[in-house]
Every structure is written in C-alpha cells, then in structure tokens.
Amino acid sequence: MSMTHPTHSPEEHPVLETHGLTIRFGGHVAVNDVSCAFRQGTLTAIVGPNGAGKTTYFNLISGQLKASAGSISLYGEDITRLSAPARANKGIGRAFQLTNLFPNLTVLENVRLAIQAKSRIGLDIFSMADRHVELIERAEHYLHRVALIDRARDTASSLPHGDQRKLEVAILLALEPDILMFDEPTAGMSVDEVPVVLDLIQQIRDQGDKTVLLVEHKMDVVRSLADRIIVLHNGFLVADGDPAEVIASPIVQEAYLGMGASSHV
Amino acid sequence: MLNTILSGDFPRSRLLTIVLIVIFISLAFAPFLFPGTRSLSVAAKICYFVVLVASYDLMLGYTGIVSLSHTMFFGIGAYGVAIALNNMGASWGAVLLGTIVGLLLAVVVALVIGLFSLRVKALFFAMVTLAVASAFAVLASQMSWLTGGEDGLSYSVPKILTPAYKLMDDKLFGVRMNGRIVAYYLVFSVSFVLFLVMLRIVNSPFGRVLQSIRENDFRSEALGFQAVIYRSLASCLGALMAALAGVLAALWLRYTGPDTTLSFDIMVDILLMVVIGGMGSLYGSVLGATIFILAQNYLQNLMGAVSDATAALPLVPELFHPDRWLLWLGVMFVLSVYFFPTGIVGRLRSSS
Ligand SMILES: Nc1ncnc2c1ncn2[C@@H]1O[C@H](COP(=O)(O)OP(=O)(O)O)[C@@H](O)[C@H]1O
Ligand SMILES: [Mg+2]
C-alpha cells in the first residue's frame, strides 16, 4: 500500500489529544483512562466489539457527554469544559451512529443548516435565508457528492434508511470541520451504497489536511483506509498502531476478531 | 417586491391565498365595510390578536418552546401604557414612555426566565412560566395603587384617538370620520407591520436555526448552535411582540385590567388560536385569530337566530340557546383538531 499523504515527525503537536479520558455511568466505566493523540492529516480507525465504548469515546470528544475524569485538548488548548456547540465551532464535526437528522425539514435544508453554522450568520434576523444563494449552492454541492441531489426538496424523514445515512454524512461534510468523526457510517447500508460513502471518506483522507476518526466494523475497509488502528475493549484502549500489526496482534484476534466480525484477516 | 415583503413565504395554496386576501381586505376597510362600534372593536381585536398569536407561534410552532406566560408579556405592554397614561395624562410622551418601559421589562423578564430555565425539559419550562405568570397576575392585582387592582385602569388616550376628535366634517362613505377611525388604522397598520416583521424573522437565517432546534436540538447543538441562546432570543422576541400587541390593546380599549390582558383564559384562547390555525406557519395565526374572535363575538348571535328559527322543533332550540355558545366553541375546536391535526393552514397546503 502506498502512503501518499504526508507523514509527520513525532514531536509535531497533535490536533486532538485525550488524556486519561474516563466516564462512568453509575458503577459502569464505559471509557476508562483512554489517552490517545491524533495528528493532522491522518485517518484513525477505532475498532472494538459492541459496547466497547467507541460511541461514548466520540461523545466525550465532541462534547455530547461530559468526562468523569481526564481531559481533551484541541491544538494544545484544553477543551474539556467546552459545550458541544463550542467544540463544533472550533472545528470538531460529528456524524452519528444512529441517524440524527432534522426530520421535517428538507434534505437541502438539513445540509444548508450545517453550512450556515459554519458561516456564522445564525443571529441574522433581518435577511432572508433563501437570499444567501452561496450557502444553498454549497449545500447542493454536498448533496451531489452523496448522490442525494434528486431528493433535495423532499423531507429528510421521507428518505429510505440508506439515504438517511448518506444525508448524515453530507451534513458532516458540509460543516467542513478540521476533525471529522464517523460512527459506523455504512452500517445498515445496502452493498451498492457503501462505496459512495467509503469513496468520500477516502477522498477526505487523500486531501491530506483533515483529521479523520472512523468507527467501522468491516476489517477490509479499515485496513485499506486507515493509517492507524486503535482498539477499545471494555472501555480500555488495548491496542494502537499500524493497521496490519494491530489486526495481526493476538489481543485483537482474541478480543474482537475472534467474535467472527470479519472472515479473512 | 412582494417576495421581499412576504420574505419569500407565500401561502402556497390557492384557497389559503384567497382567504388571506379576504381577511386582509376586510380588516383594511373594516370601518367602511362593517360600520358600527361593535364590529370595529372586533376588527381591532383581530388585528392585535394576530400579532399576539403569531408571536406565540414564533415560540411554540417554530422553536418548540411551550410557554404559558404569554399573556403576562401582553399584560406588561398594556399596563406599561395604561399606567403611564393614567399618571401622566393623555399625551404621546406618556404612550412612548409606557411603551419603552413595558418593552424593556418584557425583554428582561423573558431573558431571565429563558436563561434560567430553557436548558431544562420543556415540561419544566412550561411549569416555570405558569408559576411566574400566576405570580405576576397576583402582584398586579395586589398593587392596586399602581394597577387599579382587579378593577383595572381606565384612562384617556391622546385626543386624536378619541371619538371626540373630528378627522373631517363630512362623512366618508356614510361613516363619521372621528378619532376612532384614526385609532383603528393605528392598530391595523402597526399590527400589519409587526406581522411582516415576524414573517421576516421566521424566514431569516435565525428563524431557520429556531426550526432546527424544534426539530432536533441535540443535532443542532452538534452543528454549533447553542440551543439555550437561540431559545432565549426567541422567547425575548416573542415577549417583545406580545408586549407591543398589549400596547395596541391598551390604546384601543382605553382600559387595561386583569381580565383583558393577564387572565389565564386569554392564554388558553391563544393556544386554541395557534392550534386551530396551524402551528409553525404565521398565516395560521391570522386564520386562527380571525376565526376564533369572530366565533367568540358572533356565535351567540348566530345561535340565537338558529334557536329562534327552530323554535317549533323539540330540543333543537334548547341546544342552540345562545347560552350554550361556549359548548359549541368547544365542539368546533375538537372537530378542527380532529379533522385538521396540522391546523387549517397545514390542511389547505397539503390538499393543494
Ligand atoms: N448514556 C448512557 N448511560 C448509561 N450507559 C451508557 C450510556 N451510553 C453508553 N452506555 C454504556 O456504555 C457502554 C459503551 O457503549 P458504546 O459507547 O455505545 O459502545 P460502542 O459504540 O463501542 O458499541 C455500553 O455498555 C453502554 O451500555
Ligand atoms: Mg457505537
């Protein structure tokens, strides 16, 4: 496999870093003392069995959940206490595992809102939203990229499941964040829809300036896309490294792949 | 041009367009089309209630905020002007001062309630607003040295708004042109402008954020919109508009009391008007307010006529006795919610 995207010297500042990140739900520790740094331009796959804490780890990073202990830093700045919207405004973008849309708004409006968020005109109460043509055009651009442009005028709730997943991805792209977090973006998609989304993620990676975190179960996908794999298990980070090495490591074979998640490793 | 005035928000249904035009023309020419003190009062009430109901829909229908304190803000606006006129005499200075103080108070109270309680669950917010509004109503009735207590305040308004003022010596189309006509057109034109301002607000980038918060506040926050801030601003705008409607009511009625502004009955009326007209569309407020206030004022007459006409039949005249008008209003409400769950506007739009 060729590595066309930039490599980084180890002393370079990571974009995003978690230090001893921990969250408890009652007695259950869903994410336990996870320290990990993510460098710009890399795609890190996060794998682990269901219930390992992957989604919870994402929720802690993007601010939907507050950490019980530990900290998160973005470009060296401590963001542990910032709200979810504040983190979004600082460039952390998130797509959700369970589709999370604006159901009664149009497909176009779902994406346009993400672009509007980025353009910071949310407090403008006197102009007409539809007169901001450039926002609409950019929204349409992203709908083209996920092949949903034909459904632009339909309500989000009227889309079939696979299209809703694609819209979820389009919203994240439209937010144009520095850090993109995908939580099982292809789950529940039909086989012919999966490549659309994977190609998009590949394009983002090849662009080289974005930092991507990807939770994905399909090992062949992970191996071809990721620069690095980290493995979560029972809330702990149990492996971290080069995709081929991590996949081959005994702990992964036993803890995750042993469960039959993938056929050929 | 029209696109700009309506902020790109067209009725999107031929029948709805026709109904709205009929209502607009009826209100615009009400003094000439429906001469008489009573019908002019009904028309004026429709005007300021359109503002009141639309401002409530801005919160409920567009943002998903369930507030039960809307009449409090209506009352704050009305009492602001009433108290100023009562103490300073019938001058425009008093109207201006009362309006400014009322609007400021309304916004501050809305902001405080919003920032303290809009982060919590919708039901809790509804409870808080109910508690605050009740406390405010009690306060207003206790401070009778200022508010006139349960009796309210009767006061004079600037002379140009009174029947004693002659706009012209001759009648126009058989209508005596006195200060009440001036007062009516003041109420009508301010209401119309405020309605268009709200139409612009809900179609602005800000209005779109409000809708995203109504749809899915969790997702909206993940995009970077701080829900509590937007909800608080929507509450403030709603309060401001409600207070302005109160100012108009105070100027029109020349009387402000608990039963015309603060009463919980009015809160229920507003809710019914929003639901009947259709939540999440300001045109619904126009329809809801018009239909409801017409029914409130003329259902009794209509029923009296039906009752007389059917006097020979058994039971029927009893059923339509004018005293049963509230029952029929209730029946109308249940039927309209049953047949038009998305309100009249939602119904008209989906059938076109
Ligand atoms: N809000 C919550 N309250 C209580 N327990 C939770 C909550 N969110 C997640 N959990 C628990 O934390 C664990 C990790 O869940 P999750 O992060 O969704 O796993 P994954 O995404 O790896 O499948 C699970 O045992 C789950 O039940
Ligand atoms: Mg998950």
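This one's a predicted model, so the numbers in the text were calculated from it and none came from an experiment. The sequence lines fix the lettering, A, B, ..., with proteins before strands; numbering per chain opens at 1.
- Heavy-atom neighbours of B:Met127 CE from other residues, nucleotides or ligands within 6.0 Å: at or below the threshold of 12.
- Neither the backbone nor the side chain of B:Leu210 comes within contact range of chain A, judged by heavy atoms closer than 4.5 Å.
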Tell me, with the steps shown, if A:Asn59 and A:Thr56 meet side-chain hydrogen bond (donor to acceptor under 3.5 Å, both in side chains). CA-CA 5 Å; A:Asn59 283 336; A:Thr56 306; 5.3 Å; no

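- Proximity to chain B is absent for every atom of A:Arg120, based on heavy atoms less than 4.5 angstrom apart.
- Taking the charged nitrogens against the carboxylate oxygens, A:Arg112 and A:Glu140 have no contact shorter than 4.0 Å, which rules out a salt bridge.
- Classification of A:Arg138 and A:Glu176 as a salt-bridged pair holds, one side-chain N sitting under 4.0 Å from a carboxylate O.
- Side chain to side chain, A:Asn104 and A:Thr155 fail the donor-acceptor criterion of an N or O pair below 3.5 Å.
- Most heavy-atom pairs under 4.5 Å with chain B, from the set A:Leu113, A:Asn89, A:Leu172: that is A:Leu113.
- Residue A:Ser62 does not touch chain B at all, counting heavy-atom pairs closer than 4.5 Å.
- In this structure, chain B has a heavy atom under 4.5 Å from the backbone of A:Leu101, while its side chain stays farther away.
- Contact of B:Asn3 with chain A is made through backbone and side chain together, with heavy-atom distances under 4.5 Å.
- The pair B:Arg231-B:Asp217 meets the salt-bridge criterion, since a charged nitrogen lies less than 4.0 angstrom from a carboxylate oxygen.
- Neither the backbone nor the side chain of A:Arg87 comes within less than 4.5 Å of any heavy atom of chain B.
- If you measure heavy-atom distances from A:Ile125 to chain B, the contacts under 4.5 Å come from both the backbone and the side chain.
- Relative orientation of the B:Phe192 and B:Phe188 rings is parallel, given thresholds of 30° and 60° on the angle between their planes.
- Comparing B:Gly207, B:Gly224, B:Pro205, B:Ser204 by heavy-atom pairs within less than 4.5 Å of chain A, the highest count is held by B:Pro205.
- Contacts with chain B were tallied for A:Lys118, A:Arg94, A:Glu168; A:Glu168 has the most, counting heavy-atom pairs under 4.5 Å.
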